[in-house]
Structures are given as structure tokens and as C-alpha cells.
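Computation of the quantities below employed the complete heavy-atom set of this structure, encompassing side-chain atoms and omitting hydrogens, waters and symmetry-equivalent molecules. Start at 1 with the first residue, then count along the sequence.
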Amino acid sequence: MKLRSANVTQGVERAPNRSLFYAMGYTREELERPLIGVVSAHSEIVPGHAHLDKIAEAVKAGVRMAGGTPVLVPAIGVCDGIAMGHVGMKYSLASRELIADSVETMAMAHQFDALVLIPNCDKIVPGMVMAALRLNIPSVVCSGGPMLAGVYDGQEVSLSKMFEAVGARKVGLIDDEKLEECETGVCPGCGSCSGMYTANSMNCLCEAIGLALPGNGTIPAVHARRIQLAKHAGMAVMELLKRDIKPRDIVNEKSIRNALACDMALGCSTNTVLHLLAIAHEAGVKLDLALFNEVSSQVPNLCHLAPAGPTHMQDLYADGGIAAVQAELAEGGYLDTSLITATGKSVAENIKNARVKGLGAVRPLDNPYSPTGGLQILWGNIAPDGCVVKRSAVAPEMLKHKGPARVFNSEEEAIEVIYKGGIKDGDVVVIRYEGPKGGPGMREMLNPTSALAGMKLDKTVALITDGRFSGASRGASIGHVSPEAAEGGPIGLIQEGDIISIDIPNASINVEVSEEELARRRASFVPQEPRIKTGWLARYARMVSSANTGAVLK
């Protein structure tokens with residue numbers, strides 16, 4: 001097999017190229033080996049990435065041990081928690097496309113033979129996976145691992161508790177001293193925030209889809225096994241290169257369905273819908289929202305990690321991790337275990353010794369939290385192209401809800417009223433013009449949902465938006481409403497006081513207004529333009545597709 005790197009390292013014509021390698025201290029012997037791109041999102045602004053320099057060094061050691069030459073290159077990453085609640089959040093989802101494009105750029109420009117991708121948080125994980133599928137060269141994902149849970153008020157907690165504490169402080173349920181205790185206790189160190197939020201969801205699904213080694217989703221960031229995993233990832237990519245196993249050999253319709261089954265069992269973030277759609281797009285696999293409900297109707301929900309319940313990623317790790325969940329699902333016939341993975345082995349071989357250890361983070365198939373999965377897609381006259389809710393994080397009394405619409409044209413408008421106590425039991429908060437195009441950038445609404453939870457309104461108030469929610473959100477938080485308001489979607493026609501009917505078990509969401517009245521409103525409806533008109537977000541707003549197709553660039 002001819003190496004791609006020969007285009008920059010071999011032959012008389014490439015002497016100028018080699019001279020530039022020599023300028024960096026590479027030796028002739030190193031240039032005679034495969035060049036492995038080690039793509040690290042290390043930075044000093046993302047807690048989940050602060051330690052990725054150590055992970056990268058371990059990956060490089062593994063590559064060298066297996067006969068390759070590792071080449072470290074950077075990737076950007078937004079910390080969603082720090083970006084939350086202001087204009088910065090508009091850049092988070094959009095950065096997924098920048099990351100994919102930049103990984104593609106570095107790999108193609110320098111002709112890497114294979115890649116080890118080192119993300120950890122939110123959009124960085126799917127962005128790197130999208131690039132791997134686009135490039136289709138041997139690749140392994142090796143994340144930085146989850147943060148340990150913090151302690152507040154004598155309980156194991158994670159970041160979602162911090163956002164909820166703000167709501168509690170606003171209504172006087174806690175004082176400044178308790179707020180500070182929470183502030184200094186919830187995030188004890190490096191790693192992706194410790195609940196089943198978007199980052200951990202995607203790191204677990206990388207393992208489930210077969211692009212990462214067993215343990216990728218759950219080994220805590222601070223454990224020695226995380227460093228060992230990174231070394232094995234470096235060795236594994238060399239084996240994939242030797243056997244010419246590429247990402248599109250691993251990611252196909254069957255492995256995506258496996259990932260969906262794990263998604264439903266784990267109760268992952270609603271953002272996994274966006275990202276799996278985008279990953280499938282890059283893999284050339286047809287995936288639509290109907291399949292999410294099909295899998296959800298079949299696969300039971302086995303985990304209630306934060307924010308759905310009191311357990312955290314370290315508990316899932318102790319209870320056997322993703323391999324144990326896969327083993328449980330395989331026993332029920334919900335997985336295709338014949339598929340090849342990044343280990344070079346099949347799913348069956350990877351999980352042959354895995355089991356749930358009975359510590360409480362993973363329930364057995366015969367005693368699930370619910371017989372259906374953690375996510376649900378809803379349709380109706382508000383969302384003809386669909387919307388999504390994390391069903392496993394919704395209180396039973398809110399699975400069906402009917403109430404008056406409280407309509408806001410931005411997150412800022414809504415949070416101001418919420419903080420002032422203007423939302424009452426039974427209300428349905430509608431936040432629009434926050435979609436991929438309208439935002440632009442489809443902001444997460446963790447501040448509004450957490451404020452409502454902190455005010456003890458999460459069991460009486462619903463929230464719907466054409467934006468999206470953090471995996472840390474809980475309650476009847478319904479996002480990705482498609483088409484979005486900025487594209488003329490009917491969420492833009494809802495008026496203050498309209499009655500909205502939500503029926504999660506029956507997958508429906510409707511505004512109780514006649515078709516004639518909606519037609520009358522539509523005739524005079526002029527959608528607001530995207531709020532940002534300069535910079536690359538303006539270009540993003542022009543090019544981005546709808547949430548129901550993954551918010552990919554056209």
C-alpha cells in the first residue's frame with residue numbers, strides 16, 4: 001500500500017518538502033515511517049481540554065511504539081458553559097463546521113496517512129468525526145474523558161446544579177453563601193462536565209458507533225487508565241492503517257443504528273440528534289428523524305445520569321461503562337455485534353467480557369426506567385418537520401401538558417421575564433429566532449431551563465424553541481423546532497396566550513389554533529432577519545440547513 005505521506009516525503013521532487021521537516025527536527029528515519037496526524041484541541045479556556053496536552057503525548061507515544069511518526073496539529077474548541085447566555089453561544093454549533101473543515105485542511109495539506117482525533121467537549125467531537133468520515137483515512141477518536149462529579153450540600157453534583165442554583169438564588173431559595181459554595185464545588189477539575197451532557201454523550205456514542213476504543217466514553221479524565229487508553233489509541237490507528245480499515249468501513253447504516261440504540265439506553269443529550277444527522281451526512285448514509293423514534297420505541301432507557309438522575313459519568317464507568325450497556329443491549333437483540341470497530345475487532349469481541357456490575361448506574365433490561373428510549377421526536381402544526389425532547393429528563397406529570405404560550409423572540413427576552421418571576425405554573429415558554437439561521441448559530445437554552453428548574457417550575461412549565469438545549473437541561477424542554485421561525489416556520493406564527501398542547505408519548509406538539517387562523521397569520525408574516533450580519537456567522541446563516549437535517553452547511 002502506497003502511503004499518502006509519500007507525496008511530501010519521498011522522491012527527488014520532494015527534497016524541498018523534506019527540508020522543511022528537517023527544519024523542525026524530524027530525522028530521515030522518521031520520514032520513512034507513516035505520518036500520523038495527532039489532532040489535539042488542547043487549550044487553556046475549556047476545562048475538558050486543559051489536559052489534552054498530556055493525552056496527546058500519550059497518543060504520540062503509542063504511535064511511535066507501533067512504528068509511526070506522530071505529528072501534532074491543533075484544533076479549536078468552544079467551552080459551551082463559558083459561552084452560555086450571551087452572544088458567544090451563537091458560535092458554538094457553528095464551530096463544528098470550522099473544526100471539520102480545519103481537520104480536513106491540515107490532513108490534506110500535509111498528506112497524513114492516518115489520524116488520531118483528540119477532542120472532549122460538545123461540538124469538537126462531532127466536528128472531528130465529520131472530518132474523519134469526509135477524509136476517509138484510518139482514524140481513531142480518543143477523548144479526554146469526563147470530569148469527576150463535584151460536591152455541594154453534601155451531594156454528588158455536576159454543572160447543571162450550578163445553573164439551577166442561579167434560578168434558586170433569583171427567587172430567594174438560597175443565599176449568596178450557598179451560591180458560592182455551589183460555584184466552588186461543582187467542577188472539581190479537568191474533564192468534560194460530569195453528567196450525560198452533550199460532550200459525554202458524543203464520546204460515548206463514538207465508542208458505540210465503533211470509532212473509539214472501549215473506555216473512551218467513561219474513563220475519568222484524571223485516571224491513569226485514560227493515559228493508557230491514549231497510548232492504545234496511538235497503537236490502534238497503526239493497526240487500522242496496516243489493515244486499511246477506514247472510517248466509512250466502520251460507520252454505516254448498521255453502526256449508526258447501534259449508536260442510536262445506545263443513545264436511547266443511556267438517555268443522551270438532544271444534541272446527539274443534530275450530530276448523528278451530520279455524521280451520517282458525511283458518511284453518505286441516509287438518516288432521518290423517523291428512525292430515532294423507531295429505535296426509541298424498541299430500546300428501553302437503562303440510565304438516568306445527571307441531569308435526569310443523581311448518577312454521573314464516574315458511576316457509569318464503575319458500573320461497567322459503555323461496553324456493559326452494549327452487552328445488555330446485545331442480550332436483548334438490540335445491537336448488531338458483527339460490525340468492525342476501531343480496535344480492529346468486532347463489537348462482539350470488544351464486549352465479550354463486559355457486564356453490568358450492579359452498582360446502580362445501569363439498570364438491567366428487565367427493570368428499565370422506561371420501556372422506551374431517552375429521546376423522542378415530536379411532530380405537529382408547530383413543528384411539521386419535527387422537534388426533539390429528552391424524554392428521560394421529563395417529569396412524568398409533564399409528558400402531557402397543555403398551557404398558554406408565553407412568546408419571546410430571543411433568549412434574552414425570555415430570561416429577563418423568567419428572572420423577574422413572570423412565568424407561572426402551566427405556561428409554555430416559546431423562544432424563537434434562535435435556530436441555525438435565525439440565531440444565527442442555534443444557541444443552547446440552558447440558562448432559561450435551569451432557571452425554571454431552580455425556581456421549582458420544571459414540573460409545571462414547558463419550554464419550546466427553534467434553538468436547542470444543553471444536555472444539562474431537564475424538564476419538558478423541546479428544541480430543534482423545524483422549520484425555524486427565520487425560515488417562515490409556524491413557530492413564528494404563535495401568539496401570546498395561544499394554547500399549546502404537548503403529548504410526548506404520542507409524539508405530537510400543536511398550537512390549538514384553526515388552520516384558517518394560521519393561514520391568516522401566515523399571509524402577513526414577515527420573518528425577522530438573522531441578528532448578525534457581519535463576519536463568518538453571517539455566511540453561516542446564509543448556508544446552514546435546517547435542524548431536522550443536522551444543521552449542516554449547504
Enclosure of Glu294 CD (heavy-atom neighbours >12, cutoff 6.0 Å):
yes

Before giving the answer on salt bridge (Lys or Arg N to Asp or Glu O under 4.0 Å), spell out for Asp503 and Lys402 the whole-Å C-alpha distance, their side-chain angles and the decisive distance to 0.1 Å.
CA-CA 9 Å; Asp503 187 341; Lys402 185 181 292 190; over 6 Å; no

Is the backbone N or O of Phe163 less than 3.5 Å from a side-chain atom of Asn447, with the two atoms forming a donor-acceptor pair by type?
no

Any donor-acceptor pair under 3.5 Å linking the side chain of Ser546 with the backbone of Thr549?
no

Out of Met202, Met147, His49, which residue meets the side chain to side chain contact (heavy atoms under 4.5 Å, CB included) rule with Asn120?
His49

Across all chains, not counting sequence neighbours, the ring-ring contact (aromatic ring centres under 6.0 Å, His included) partners of Tyr152 are none

Whether the side chain of Arg243 engages the backbone of Met238 through a donor-acceptor N/O pair (distance < 3.5 Å, no angle test) should be reported.
no

Ignoring hydrogens and angles, tell me if any N or O in the side chain of Glu253 forms a donor-acceptor pair with the backbone of Val285 under 3.5 Å.
no

Charged N to carboxylate O below 4.0 Å: is that the case for Asp458 and Arg474?
yes

Between Arg443 and Glu411, is the salt bridge (Lys or Arg N to Asp or Glu O under 4.0 Å) condition met? List the steps.
CA-CA 9 Å; Arg443 283 195 287 186; Glu411 179 189 8; 3.7 Å; yes

Checking the side chain of Ser450 only, and the main-chain atoms of Met162 only, is there a donor and an acceptor separated by less than 3.5 Å?
no

Tell me whether Thr449 contacts the main-chain N or O of Met445 through its side chain, where contact means a donor paired with an acceptor under 3.5 Å.
yes

Residue pairs meeting ring-ring contact (aromatic ring centres under 6.0 Å, His included), one or both in residues 249-293, sequence neighbours left out, come to none

Between the main-chain N or O of Ser143 and the side-chain N or O of Arg226, is there a donor-acceptor pair closer than 3.5 Å?
yes

Answer yes if the side chains of Ser192 and Asn200 hold a donor-acceptor pair under 3.5 Å, and no otherwise.
yes

If we ignore hydrogens and angles and just use 3.5 Å, is the side chain of Asn301 paired with the main-chain N or O of Ser392 as donor and acceptor?
no

Residues in side chain to side chain contact (heavy atoms under 4.5 Å, CB included) with Lys246, at least two apart?
Asn136, Pro138, Asp244, Asp249

If you count every heavy atom of other residues, nucleotides or ligands that lies below 6.0 Å from Lys90 atom NZ, does the total exceed 12?
yes

Got a list of side-chain donor-acceptor pairs under 3.5 Å for residues 352-378, not counting sequence neighbours?
unit_1, atom_1, unit_2, atom_2, d
Arg363, NH1, Pro368, O, 3.4
Ser370, OG, Thr372, O, 2.6
Gln376, NE2, Ile504, O, 2.9

If you count the non-hydrogen atoms of other residues, nucleotides and ligands that lie under 6.0 Å from NE2 in His304, is the total more than 12?
yes

Using a strict 4.0 Å threshold on nitrogen-to-oxygen distance, state whether Asp153 and Lys161 make a salt bridge.
no

Taking ring-ring contact (aromatic ring centres under 6.0 Å, His included) as the cut-off, I'd like each qualifying pair that reaches into residues 311-349, sequence neighbours left out, listed once.
His223-Tyr317

Testing the 3.5 Å rule here: is there a donor-acceptor pair between the side chains of Asn271 and Thr198?
yes

What residues, two or more places apart in sequence or in another chain, satisfy side chain to side chain contact (heavy atoms under 4.5 Å, CB included) together with Thr343?
Leu213, Pro214, Thr341, Lys345, Asn350

